[in-house]
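As structure tokens, the structure follows; a few thoughts come after it.
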4 protein chains.
Amino acid sequence: MSAKSDPSGGAPDAPPTDTQRRILAAALDLFADRGYAATSTAAIASRAAVAEKTIFANFTSKERLFDQILQPAVLDLLLPRALGGVRETLAKPWTSLPAFLGALMRNRMEFVRDNPAKLKLIAQAVILHPEIFARFAAIFREQLEPRVESLLAELEARGELRAIPRASLMRIVLSVTAGYMLARFVLRPGSEWDDEAELATMIDVLVNGLKPSAREP
Amino acid sequence: MSAKSDPSGGAPDAPPTDTQRRILAAALDLFADRGYAATSTAAIASRAAVAEKTIFANFTSKERLFDQILQPAVLDLLLPRALGGVRETLAKPWTSLPAFLGALMRNRMEFVRDNPAKLKLIAQAVILHPEIFARFAAIFREQLEPRVESLLAELEARGELRAIPRASLMRIVLSVTAGYMLARFVLRPGSEWDDEAELATMIDVLVNGLKPSAREP
Amino acid sequence: MSAKSDPSGGAPDAPPTDTQRRILAAALDLFADRGYAATSTAAIASRAAVAEKTIFANFTSKERLFDQILQPAVLDLLLPRALGGVRETLAKPWTSLPAFLGALMRNRMEFVRDNPAKLKLIAQAVILHPEIFARFAAIFREQLEPRVESLLAELEARGELRAIPRASLMRIVLSVTAGYMLARFVLRPGSEWDDEAELATMIDVLVNGLKPSAREP
Amino acid sequence: MSAKSDPSGGAPDAPPTDTQRRILAAALDLFADRGYAATSTAAIASRAAVAEKTIFANFTSKERLFDQILQPAVLDLLLPRALGGVRETLAKPWTSLPAFLGALMRNRMEFVRDNPAKLKLIAQAVILHPEIFARFAAIFREQLEPRVESLLAELEARGELRAIPRASLMRIVLSVTAGYMLARFVLRPGSEWDDEAELATMIDVLVNGLKPSAREP
DNA sequence: GATGAATGAGTCTTCATTCAT
DNA sequence: AATGAATGAAGACTCATTCAT
């Protein structure tokens, strides 16, 4: 028997072929635009300019194709590989909360600006499938939480943070950030936005909101 | 003239029949759970215990059925009809920002606690179809913004608000609120949540974040 | 038990009620326009301005409704009840073939002019269901053929008819007549037609074509 | 570019595949027998022994499938491609009206004898959709009328034709011919028919009916 | 006598997926 | 490695018909 072409087998992280890249790009756009269920494999094939069968030859099933798009997208958003990403941001010796928030938001904004479809895709997936959220929350806990925790501890020690449950604190920061990104890139992408001013405002509000109140010196 | 049963015609707000209520309830649950595209009319019919045709006899098409669920859901969320709703909250002579935020969040939390499916539905719809968001943003602007504006003006006059663009301010408050609701009722509905503590934290952060900073007295 | 309303029972030829007339008229138009299979009972009900159920209350089934339209239409075309109809035409002591053909064609033309939908309906029915044609051919044979036969015999005796098989002769006359009516009222109803000239031409051709040829005096 | 199988695109007259031929044959039979609306794509698929989807993969929609059957059928009837077809008949230097009519009728009779379903299909289509008739009348006018015209002119010059409007003349000849074919192959296909005798009779009647009458020598 | 509301079986069409090449 | 052609199951939606009123 000839060696079967075994998709998704072999080297688990072989770089995608050109065909695969075209399919992944087409699928990302369509999934993000219409949602998973409303996107037909025929539409993906047509946009990628390949035969429908080629999709299945390379990704086995529509669902696996989706996973192979979603997973990297989430990792990119949480654990970017590029220099200056979140881990690098977290690793730097931040001297102040506003500096840290600014670096974090700016960095993630750049990513989303270049990949709005990924944000849209993740937002949909997470709302429809909370178990996906759980999976990626676990990644966050394992990979990022310790660093975040030590950073917060240091900031707290410096008197820049009030005593707030960590989970609530992080959720609030995330909400404000994600809220802006969604409005900016998904809900009203056509409007005019002054990113710098908005960032400054958000950082200002968060820094003031999170610092110890005047009464508890 | 024949008195055909004329779905969606006639009196535009005739109270729904029992059959219609069953269909609407089934469809809301399924649309929220699986998304519009992944929900078949057959599944709705089966859950509502009616014939599939009955759905079309009453709502003309799947899309119109969806609209007849989404529209009231959004209105309920934005402009609740029940006493103590947003408009009443806005109308009261609030003496302080924390009191106002607390009333607002608590009121909307109760609504979402009773109708998590509506939140889930709206979140999906708004991400997939920004034009829907635009439609409802318009409702907000027309119905609520003036009251919010005057309220904020008053709070500002009392020294409880920093000079922040209104849109940014409202987006931040909304982000924090919606972020909590999504986490609480959509992403991790099974976890234990201490609503009172979370509310207190959010209000605290927002109030401090929004009040004039110590340096600008 | 109460007396059931027994549609199509009771007096077999009770005059139709107003409701029934409306339904029959609507159904005739739609059947003629779109064909039997493409006409829904819903469309008939809507055009007749009655509830769909009323159709079934009065005519039992779509098929019976169709029959109750087709049957009279055929009888009207073959055996008109009005004065001056085919039987009267046949009964008169015709002195010549052209006079007879002229009277016949003119009379049937008037009928079709007033009832083009009936011709269209019959044409469709007869092509799709030859057994219907057979049924009505039988009516013709029983009711009309004897008279036609004696008329033809007389014309033959007078030297106006060649010796041609009766069936062929009648088919040719019918073909020419029906061909004109179809073109005139079904295929190109919008065009301008000079009925008198066309009739004259057809009669002329038929009379010459059917009379004994010069060589056989 | 992807090489999608592009139904009805690409080379517009690519020879049909075997699958397509089976579908076309099945559809022709069923459409002719039951009419377009009463023929389900499921029935066609079952008779052609293919999956229903295969029909749509090859013909896009039921309506286009119908068109791809009707159009060639009409062209075959009007403009046969085979040798000895209408155009060849028209091209020959006919020495007499009876010879011409005989050749024409015989030729078209053979075609219909081999393809009665096509005649049935065309008859239905033309009655239900006069605009289809108009389309094909145009083809006739463009492709055949000039030749017919010159032929008739020549016959007229030879004294074989009376001065009759061309349109009426052609309609009468067509009516007689089509009338026979319908009776012969559609209405009473089971009966015994003596084609030669019938043809002779029709030609005789037409020739005598169309030649200058004795009185106008 | 007529209806409003409902239905199971069926409509055309599309789905994700597979086989032979 | 990619495809063209095919498919069974399912999609939204319509059909002729019936029940309770």
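Note on naming: letters A, B, ... go to the chains in the order of the sequence lines (proteins, then strands), and numbering restarts at 1 for each one.
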Neighbour count >12 (heavy atoms, 6.0 Å) for atom CD, Glu131(D): yes

By nearest atom, which of the nucleotides dT3(E), dT7(F), dT17(E) is closest to the Glu52(A) side chain? dT17(E)

Taking only side-chain N and O atoms of Lys62(B), does any of them lie within less than 4.0 angstrom of OP1 or OP2 on dA12(F)? yes

Quick one: is the NZ or CZ of Lys62(C) closer than 6.0 Å to the six-membered ring centre of Tyr36(C), and within 45° of its axis? yes

Looking at Thr54(D), I'd like to know whether one of its side-chain N or O atoms comes within less than 4.0 Å of OP1 or OP2 on dA5(F). no

Under a 4.5 Å cut-off applied to non-hydrogen side-chain atoms, are Leu65(C) and Ile44(C) in contact? yes

For atom CZ of Phe59(A) and atom P of dT18(E), their distance in whole Å: 16 Å

For Ala42(D) and Ala38(A), find the nucleotide of DNA chain E closest to each by heavy atoms; which residue's nucleotide sits nearer the 5' end? Ala42(D)

Side chain of Thr19(A), heavy atoms from C-beta onward: which of dT13(E), dA16(F), dA2(F) has the nearest atom to it? dA2(F)

Of all the nucleotides listed (dC12(E), dC15(F), dG8(F)), which has the minimum atom distance to the side chain of Ala51(D)? dG8(F)

Phosphate-side-chain proximity, Asn58(D) and dG4(F), N/O vs OP1/OP2 below 4.0 Å: no

Considering heavy-atom distances to DNA chain F, does Ala37(C) or Ala49(D) have its closest nucleotide positioned more toward the 5' end? Ala49(D)

Against the side chain of Val50(C), the closest entry in dC12(E), dA12(F), dT3(E) is dT3(E)

In terms of the nearest nucleotide of DNA chain E, which residue is placed more toward the 5' end: Tyr36(D) or Thr17(C)? Thr17(C)

Can you confirm whether Phe133(B) sits close enough to Val186(A) that some side-chain heavy atom of one is under 4.5 Å from a side-chain heavy atom of the other? no

Interatomic distance where CG belongs to Leu30(D) and P belongs to dT11(E) [whole Å]: 12 Å

dT13(E), dT3(E), dA16(E): which one has an atom nearest the side-chain heavy atoms of Phe56(A)? dA16(E)

Rounded to the nearest 0.5 Å, what separation is found between the CG atom of Asn58(C) and the CZ atom of Arg21(C)? 12.0 Å

Whole-Å distance, Arg34(A) CZ to dC15(E) P, equals 10 Å

Should Thr41(C) be listed as having a side-chain N or O under 4.0 Å from OP1 or OP2 of dA16(F)? yes

